[in-house]
Amino acid sequence: MYLEIQERVRERFAKVVQEMFAVAIAEPVLDIPPRPEMGDLSISSCFELARQLRQPPQKIAEQVLPRLLPLEGVERASVAGGGYVNLHLDRAGIAAALFSLRSPRPATQPSSRGKILIEHTSINPNKAAHIGHLRNAVLGDTFVRLWRFRGDQVEVQNYIDNTGVQVADVVVGFVHVEKKSAAEVERLLRDPAVRFDYFCWDLYARVSQLYEQDKEMLALRLEALKAIEEGRGEMAKIAALVSTAIVRKHLETMRRVNVAYDLLVQESEILRLDFWKCAFELLKRRGAIRYETSGKNSGCWVMSLEEAGPGEAGQEIEAEEVKIIVRSNGTATYVGKDIAYHLWKFALLDKDFGFEEFHRYPDGHTVWRTAVDGRPGAPAFGRASVAYSVIDTRQSYLQKIVGAAFRALNYPEQAANLHHFAYEVVGLSPRCAEELGIKLSADERERSYVEVSGRRGLGIKADDLIDVLFDLKEAMTFEGETGPYLQYSVVRGRNIFRKYRESHPELSPGAAEDPSDLVPPEQLNSLLSGESGQNFWELVVLAAQLETIVEQAIATAEPSVLAKHVFRLAQAFNNFYHRYHILSEPDPARQNFLLCLVRLASDTLSRSLDLMGIEVPPHM
RNA sequence: GGGCGUGUAGCUCAGCUGGACAGAGCAUCGGAUUUCUAAUCCGAGGGUCGGGGGUUCGAGUCCCUCCACGCCUGCCA
């Protein structure tokens, strides 16, 4: 609704400016005025034009103003604040449209953008998920939901590093500390009395201690790593058992916060299906990497990160910035494997995975997993036109290298469509850590956060989407900017309808109960004017802005934008709820109107909550 | 040393490509309900936007510089 009006305003404004001043204006900037009574939309472009036209902004605005209207959806316009053009929207028209629109969604227009591939979660499969992982998954999942809301085709991938150091360490633990065979590990993970993911976590911690006490033990890690990479022997068998079992635990955990996936991409297949070999050949052939025969990187294949042309080189003999892609022992570094994976995402690799069904959610949705020997019937995974990697900010450098590799391979377009959605690492506040029973050193207590290692405590609130610091007390509260506050708003709205139906049993669910049929359009105008009209209108405006907010959240890769907006809507609704008593309203037309507002607000709220994966309980 | 990021109220953070009086939540203090669930609502106090320069009609926002902190700069991921 808002999107269309904004588009019309932009177009008209640009056209008028073009006609009057013969100046082309790229994209007129629309804002929301600071106070609602000033209007619903404002154009600040006259300030910009003032420079070009050498006229005061106020004068330009006054000249443009009369030619802006009539415009569908806009009732009147005014000039204020020394050059702003403020637009007052057609309240009755918009309200009427929204009352009938919001509940049955308008058909989303199919997007021409192609497939959006979003990779998130990507937890090492060697321990239970902790609060930081949960937050990151929720962040990624919300982003997925935003794209889907907009009507785009989205594929969700979860990268499973099942051949890496972290899994290898747990394997070392099972073999050398626990002295267990693969068969015994299998028995253990089938034992319902054992929480296998936590068991592995403890084991992982014990192995880390082992390394610290005796550096010689690190040789065990290398041994395990090699066996796992080559996929042979008892160790590889244990690695596969561990990672598969833990991934199942992760899927369960994520399901509880309504996070789902389409495909699990395993590193083992990247290795075994020679994805890397293929990418390596490509990199060599296109000269993106070179073999070092001398210096400290002798024997390695490296990629130069010099973005600048060769012209300015040689002024100073600085060490060239170089990233090792292939180690001198011939194995690929993580970046190398990541380059191969990303090439596949864009169908730039002359290879494809096999796929097998891995898990089915209660709603019937299937999660597939890569496999060496695939089964037929898998969807066409990959082949993305845009790819997002939801990964923490510490990996920014590595993500940049993947992009650089794309450019070096002469895939500038795909490089531009490769996005790193970087989030900050989650830490516990020292207070929270101590509450969880973690002993802190004096040094840690001084720090602003403690690295997450706790296993208890999960709270979902609106700004988990923006918070970096996790504090159990804060996360578990029910007041303020929290999930329960938002949920409660919806419950309150629904209660009104429940009670209303008790006294109006003739209103069965369905089209007949649509109260907007019962509010004559001419009455909408008077209901939406005056002081209370202003309150009602604010509710309508906030609801109408949902699509605009979603656009903004996607464009800035900042889902918290949505969380903030939902909170504002809930606040406005609670205020409204407090001031106007709906069921005792004597005027039937006004009561119907109020009911429409309640439904608009509560539908928009629950829809927005759904975008964040939050459900609304029937009672609170 | 280089790269990236952060620094806004006591605490945790918003502030979109520079624009109309610096915002929210929590915490503190003071109020509101014979009503559709008080998990609510209203109000108050509290900020030289890290410091200093500069660009501009206008800077929390852009540029320079300094300070503090974090991350990266591994033949770990």
If the [atom1] atom of [N] is compared with that of [M], how far apart are they to the nearest Å?
{"N": "B:rG25", "M": "B:rU40", "atom1": "C1'", "value": "15 Å"}
{"N": "B:rU17", "M": "B:rC71", "atom1": "C1'", "value": "27 Å"}
{"N": "B:rC67", "M": "B:rU28", "atom1": "P", "value": "40 Å"}
{"N": "B:rA32", "M": "B:rC69", "atom1": "C1'", "value": "45 Å"}
{"N": "B:rA44", "M": "B:rG3", "atom1": "C1'", "value": "47 Å"}
{"N": "B:rG58", "M": "B:rA20", "atom1": "C1'", "value": "11 Å"}
{"N": "B:rU34", "M": "B:rA22", "atom1": "P", "value": "39 Å"}
{"N": "B:rA9", "M": "B:rU73", "atom1": "C1'", "value": "37 Å"}

Can you see if the side chain of [X] gets near the phosphate of [N] - specifically, an N or O under 4.0 Å from OP1 or OP2?
{"X": "A:Arg394", "N": "B:rG70", "result": "no"}
{"X": "A:Asn575", "N": "B:rC42", "result": "yes"}
{"X": "A:Asn495", "N": "B:rU37", "result": "yes"}

Runs of at least three consecutive pairs that involve RNA chain B, where pairs are Watson-Crick or G-U with distances under 3.5 Å | B:1-7 with B:67-73, B:10-13 with B:23-26, B:28-32 with B:40-44, B:50-54 with B:62-66
So [X], base contact, sugar-phosphate only, or nothing? Heavy-atom distance under 4.0 Å.
{"X": "A:Ser45", "answer": "nothing"}
{"X": "A:Val335", "answer": "nothing"}
{"X": "A:Asp31", "answer": "base"}
{"X": "A:Tyr580", "answer": "base"}
{"X": "A:Asn86", "answer": "base"}
{"X": "A:Tyr485", "answer": "sugar-phosphate"}
{"X": "A:Pro33", "answer": "base"}

Below 4.5 Å, heavy atoms only, C-beta onward: do A:Leu611 and A:Val550 meet side chain to side chain?
-> yes
Options [options], nucleotide nearest the side-chain atoms of [X]:
{"X": "A:Phe567", "options": "B:rC76, B:rA24, B:rC72", "value": "B:rA24"}
{"X": "A:Met38", "options": "B:rC41, B:rC16, B:rA20", "value": "B:rA20"}
{"X": "A:Tyr397", "options": "B:rU40, B:rU73, B:rA77", "value": "B:rU73"}
{"X": "A:Arg492", "options": "B:rA20, B:rA24, B:rU40", "value": "B:rU40"}
{"X": "A:Gln571", "options": "B:rA77, B:rA39, B:rC41", "value": "B:rC41"}
{"X": "A:Lys400", "options": "B:rG3, B:rU40, B:rC41", "value": "B:rG3"}
{"X": "A:Glu481", "options": "B:rG25, B:rC75, B:rU37", "value": "B:rG25"}
{"X": "A:Ser42", "options": "B:rU37, B:rU40, B:rA20", "value": "B:rA20"}
{"X": "A:Lys564", "options": "B:rC26, B:rA14, B:rC76", "value": "B:rA14"}
{"X": "A:Asn297", "options": "B:rC41, B:rC75, B:rA77", "value": "B:rC75"}

For the residue pair [X] and [Y], categorise the inter-ring angle as parallel (less than 30°), tilted (30 to 60°) or perpendicular (more than 60°).
{"X": "A:Tyr577", "Y": "A:Phe573", "value": "tilted"}
{"X": "A:His133", "Y": "A:His250", "value": "tilted"}
{"X": "A:Phe280", "Y": "A:Trp276", "value": "parallel"}
{"X": "A:Trp201", "Y": "A:His130", "value": "tilted"}

How long is the straight-line distance from [atom2] of [Y] back to [atom1] of [X], given to the nearest 0.5 Å?
{"X": "A:Ile582", "Y": "A:Gln591", "atom1": "CD1", "atom2": "CD", "answer": "8.5 Å"}
{"X": "A:Asp338", "Y": "A:Lys345", "atom1": "CG", "atom2": "NZ", "answer": "7.0 Å"}
{"X": "A:Leu87", "Y": "A:Leu65", "atom1": "CG", "atom2": "CG", "answer": "8.5 Å"}
{"X": "A:Glu119", "Y": "A:Thr121", "atom1": "CD", "atom2": "OG1", "answer": "9.5 Å"}
{"X": "A:Ser389", "Y": "A:His342", "atom1": "OG", "atom2": "NE2", "answer": "3.5 Å"}
{"X": "A:Glu223", "Y": "A:Ile228", "atom1": "CD", "atom2": "CD1", "answer": "10.0 Å"}

For nucleotides 30-35 of chain B, print each protein N/O atom paired with a nucleotide N/O atom at under 3.5 Å, atom names and distance only.
unit_1, atom_1, unit_2, atom_2, d
B:rU35, O2', A:His581, NE2, 3.4

Using the rule for Phe, Tyr, His and the six-membered ring of Trp, do A:Phe478 and B:rA39 stack at under 5.5 Å and under 30°?
-> yes
Tell me, please, which residues at least two apart from A:His581 pass side chain to side chain donor-acceptor pair (under 3.5 Å).
-> A:Ser584
Whole angstroms only, please: what is the [atom1]-[atom2] distance between [X] and [N]?
{"X": "A:Gln6", "N": "B:rC16", "atom1": "CD", "atom2": "C1'", "answer": "12 Å"}
{"X": "A:Gln395", "N": "B:rG74", "atom1": "CD", "atom2": "P", "answer": "15 Å"}
{"X": "A:Tyr500", "N": "B:rC36", "atom1": "OH", "atom2": "C1'", "answer": "13 Å"}
{"X": "A:Tyr423", "N": "B:rG5", "atom1": "OH", "atom2": "C1'", "answer": "16 Å"}
{"X": "A:Glu479", "N": "B:rU28", "atom1": "CD", "atom2": "C1'", "answer": "14 Å"}

Does the B:rC75 base have a donor-acceptor partner in the side chain of A:Ser328 within less than 3.5 Å?
-> yes
